[in-house]
Trainee: 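Handing you this structure, nothing more for now.
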Amino acid sequence: MRRACDTVLGVHPGKALLALAAAAVLAGCASTAPADRPTDAAAVGPGTTASTTATAGPSGGTVRPWLDLSTYSISDPTSRWVVVNKQRPLSPLTYAPQDLASVGGGQVMRADAAAAFLQMQQAAAAADAPLYAVSGYRSYSYQSSVHDRSVERNGAAAADSSARPGYSEHQTGWAVDVGGGGCDVEACFADTAQGRWVAANSWRYGFIVRYPPGQQAITGYEYEPWHLRWVDVPLATYMHDRNIVTLEQVFGLPPAPSY
C-alpha cells in the first residue's frame, strides 16, 4: 500500500484545496524519523548534532547517523557508557552495582546487560555456537584477589595484564568473559565457532569485544576475544557501522596503555 506522502505528490497543481491538503501531509512526512532511528528517548538525547543523512559504512552498509554521544556519562560508574581503563578508575574505587541478575553458571551482570546476554546466548546456540558466561561481575575484593594471585605468579609488572581492583570493567557489572568450543579465556577462543560468532554478531545485542587485536597501545590490554562489554545496541551499532573498535576512540579519550 502506498503511503499518503507518496500519493499526494501526484495531486494536480490546479486544484487549490487538494494542494493545501498535500502540503499539510508532506509537512507531516518531513518530520517522520528514519525507519532505523531509535525512538527511545533514553537512547537518543535531545542535543544530538549528528547529520540526518545516512552514508555508506566501511563494508558498504548504511551508517546510522542518529546517535548522541553525550546521552550517557562516561565517568559515572552506574552509566552503561562508563569508560574504565588504566587511566580511568571507578569512582569510588569500591563501587558495587545494585541490580545484578543471573547469566547462568553462578555468574551475574547488571540487569540490562544480563537480559541482552541471555538473548545473545540463545541466538548463538541457534547458530551452533553455544557459549556461556565464564566470569561476569567481580567485586572490588574479588578483583583484588585476582590481581594479587597474578602478582604472585608473574611479578608486579606482568600482573598488570590483569586489571587492578577499581580499574576493572568486570567491577562495573557491564562486562563478561565468555567461553565455549573447548577454549575459555585464551587467545584460541577467537578460532572457535563461538569466537567467530561473537566477533561477527555480538554488536547486535549491544556488546563489543572490548580489547580488540592491535589496540594494546590504546586499551592497555592484549587481544582478548573472550572479553565482552555491554554498551547497549545504539552505541554498539554506531561503532560497528563506522568500524570504531575501542571506547577510547569513539569518545575521543587519550590512550591508556599503562597505569
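In what follows, every heavy atom counts, from backbone to side chain, and hydrogens, waters and symmetry copies are set aside. Quick caveat, the model's predicted, so the values are computed rather than measured.
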Trainee: At their closest point, which heavy atom of Ala193 faces which heavy atom of Ala129, and how far apart are they?
Mentor: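 Looking at all heavy atoms of both residues, the shortest contact is O-CB, 3.8 Å.
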Trainee: Within a strict 4.5 Å, meaning less than it, do heavy atoms of the His227 and His170 side chains meet?
Mentor: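 The answer is yes; the side chains approach within 4.5 Å.
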Trainee: Within the distance-only criterion (no hydrogens, no angle test), does the side chain of Trp81 pair as donor or acceptor with the backbone N or O of Asp232 below 3.5 angstrom?
Mentor: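 Not confirmed, Trp81 side chain does not pair with Asp232 backbone.
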Trainee: Is a donor on one side and an acceptor on the other found under 3.5 Å between the side chain of Glu224 and the backbone of Glu222?
Mentor: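 The answer is no, because no donor-acceptor pair under 3.5 Å joins these two groups.
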Trainee: Once rounded to the nearest 0.5 Å, what's the spacing between atom CG of Asn85 and atom OG of Ser168?
Mentor: 12.0 Å
Trainee: Sub-3.5 Å donor-acceptor pair from the side chain of Gln121 to the main-chain atoms of Pro130, do we have one?
Mentor: no
Trainee: Does the Tyr259 side chain pair with the main chain of Arg164, one donor and one acceptor, at a distance under 3.5 Å?
Mentor: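 Yes, because the side chain of Tyr259 sits within donor-acceptor range (under 3.5 Å) of the backbone of Arg164.
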Trainee: Does the side chain of Trp230 come within less than 4.5 Å of Tyr205's, by heavy atoms?
Mentor: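 Contact flag for Tyr205/Trp230 side chains = no.
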Trainee: May I ask you to decide if the ring planes of His240 and Trp203 are parallel, tilted or perpendicular, using 30° and 60° as cut-offs?
Mentor: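 Taking Trp203 first and then His240, their aromatic rings lie parallel (interplane angle under 30°).
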Trainee: For Tyr223, does the OH atom sit with more than 12 other heavy atoms under 6.0 Å from it, leaving out its own atoms?
Mentor: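 For Tyr223, atom OH is crowded (more than 12 foreign heavy atoms under 6.0 Å).
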Trainee: Determine the minimum heavy-atom distance between Ser79 and Tyr72, stating which atoms define it.
Mentor: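 So the two residues come closest at OG-CB, 3.5 Å.
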Trainee: For the CG atom of Asp76 and the OH atom of Tyr95, what is their distance to the nearest 0.5 Å?
Mentor: 7.5 Å
Trainee: Within the structure provided, determine whether Asp184 and Gln194 are in side-chain contact (heavy-atom separation under 4.5 Å).
Mentor: no
Trainee: Are Val83 and Met239 in one and the same hydrophobic cluster, where Ile, Leu, Val, Met, Phe, Trp and Tyr link if side-chain heavy atoms are under 4.5 Å apart?
Mentor: yes
Trainee: Is the side chain of Arg110 donor-acceptor paired with the backbone N or O of Tyr137 at a distance under 3.5 Å, no angle test?
Mentor: no
Trainee: Could you tell me the separation between the CD atom of Glu169 and the CG atom of Asp177, rounded to the nearest 0.5 Å?
Mentor: 10.0 Å
Trainee: Examine the side chains of Ser75 and Arg88 and answer whether a donor and an acceptor come within less than 3.5 Å of each other.
Mentor: yes
Trainee: Are the side chain of Thr192 and the backbone N or O of Phe189 linked by a donor-acceptor pair below 3.5 Å?
Mentor: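 Judged by distance alone, yes, a pair lies under 3.5 Å.
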Trainee: Would you say Trp174 and Val84 make side-chain contact, with heavy atoms under 4.5 Å?
Mentor: no
Trainee: Look up atom CD in Gln143 and atom OG in Ser141, then write down how far apart they are to the nearest 0.5 Å.
Mentor: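 Here the interatomic distance stands at 10.0 Å.
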Trainee: Are Val82 and Val209 connected into the same hydrophobic cluster when the rule is that any two of I, L, V, M, F, W, Y join if their side-chain heavy atoms are below 4.5 Å apart?
Mentor: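 Yes, it is one cluster - the side chains of Val209 and Val82 are joined through contacts under 4.5 Å.
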Trainee: So do the side chains of Leu235 and Leu247 get within less than 4.5 Å of each other, counting heavy atoms only?
Mentor: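 Heavy-atom side-chain distance check passes, below 4.5 Å.
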Trainee: Hey, what do you get for OG (Ser144) to CZ (Arg149), rounding to the nearest 0.5 Å?
Mentor: 10.5 Å
Trainee: Backbone N or O of Leu93 within a donor-acceptor pair of the Gln171 side chain at under 3.5 Å?
Mentor: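 Yes: the side chain of Gln171 pairs with the backbone of Leu93.
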Trainee: Identify whether Val176 and Val231 are in the same connected component of the hydrophobic contact network (ILVMFWY, side-chain heavy atoms under 4.5 Å).
Mentor: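 No; Val231 is not reachable from Val176 via cluster members.
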Trainee: Over 60° means perpendicular and under 30° means parallel, so tell me whether Tyr221 and Tyr211 are parallel, tilted or perpendicular.
Mentor: tilted
Trainee: When you measure from the side chain of Gln107 to the backbone N and O of Gly136, does any donor-acceptor pair fall under 3.5 Å?
Mentor: yes
Trainee: Could you pull out the closest heavy-atom pair between Ser102 and Ala114, with the gap in Å?
Mentor: O-CB, 4.1 Å
Trainee: In this structure, would Val103 and Val134 fall into the same cluster of hydrophobic residues linked by side-chain contacts under 4.5 Å?
Mentor: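 The answer is yes; both residues are in one hydrophobic cluster.
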Trainee: How many angstroms lie between CZ in Arg80 and OG1 in Thr172, if you round to the nearest 0.5 Å?
Mentor: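 Output value for this atom pair is 12.5 Å.
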Trainee: Please give me the minimum heavy-atom distance between Val198 and Leu131, naming the atom from each residue.
Mentor: CG2-CD2, 3.4 Å
Trainee: Mind running salt bridge (charged side-chain N to carboxylate O under 4.0 Å, His left out) on Arg210 and Glu248 for me, showing each step along the way?
Mentor: CA-CA 10 Å; Arg210 178 65 175 99; Glu248 288 80 9; 2.8 Å; yes
Trainee: Do you know the tightest heavy-atom contact between Leu69 and Phe251?
Mentor: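 The pair with the smallest heavy-atom distance is O-CE2, 3.6 Å.
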Trainee: Quick one: do Leu253 and Ile244 end up in the same hydrophobic cluster if we chain Ile, Leu, Val, Met, Phe, Trp and Tyr together by side-chain heavy atoms under 4.5 Å apart?
Mentor: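 Both belong to a single hydrophobic cluster.
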Trainee: Hey, are Thr246 and Gln249 close enough side-chain-wise for a donor-acceptor pair under 3.5 Å?
Mentor: yes
Trainee: Heavy atoms only: give me the nearest Gln87-Ala256 pair and the separation to one decimal.
Mentor: CG-CB, 3.7 Å
Trainee: Tell me if a side-chain donor or acceptor on Arg229 pairs with a main-chain N or O of Phe207 at a distance below 3.5 Å.
Mentor: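 A pair under 3.5 Å: no.
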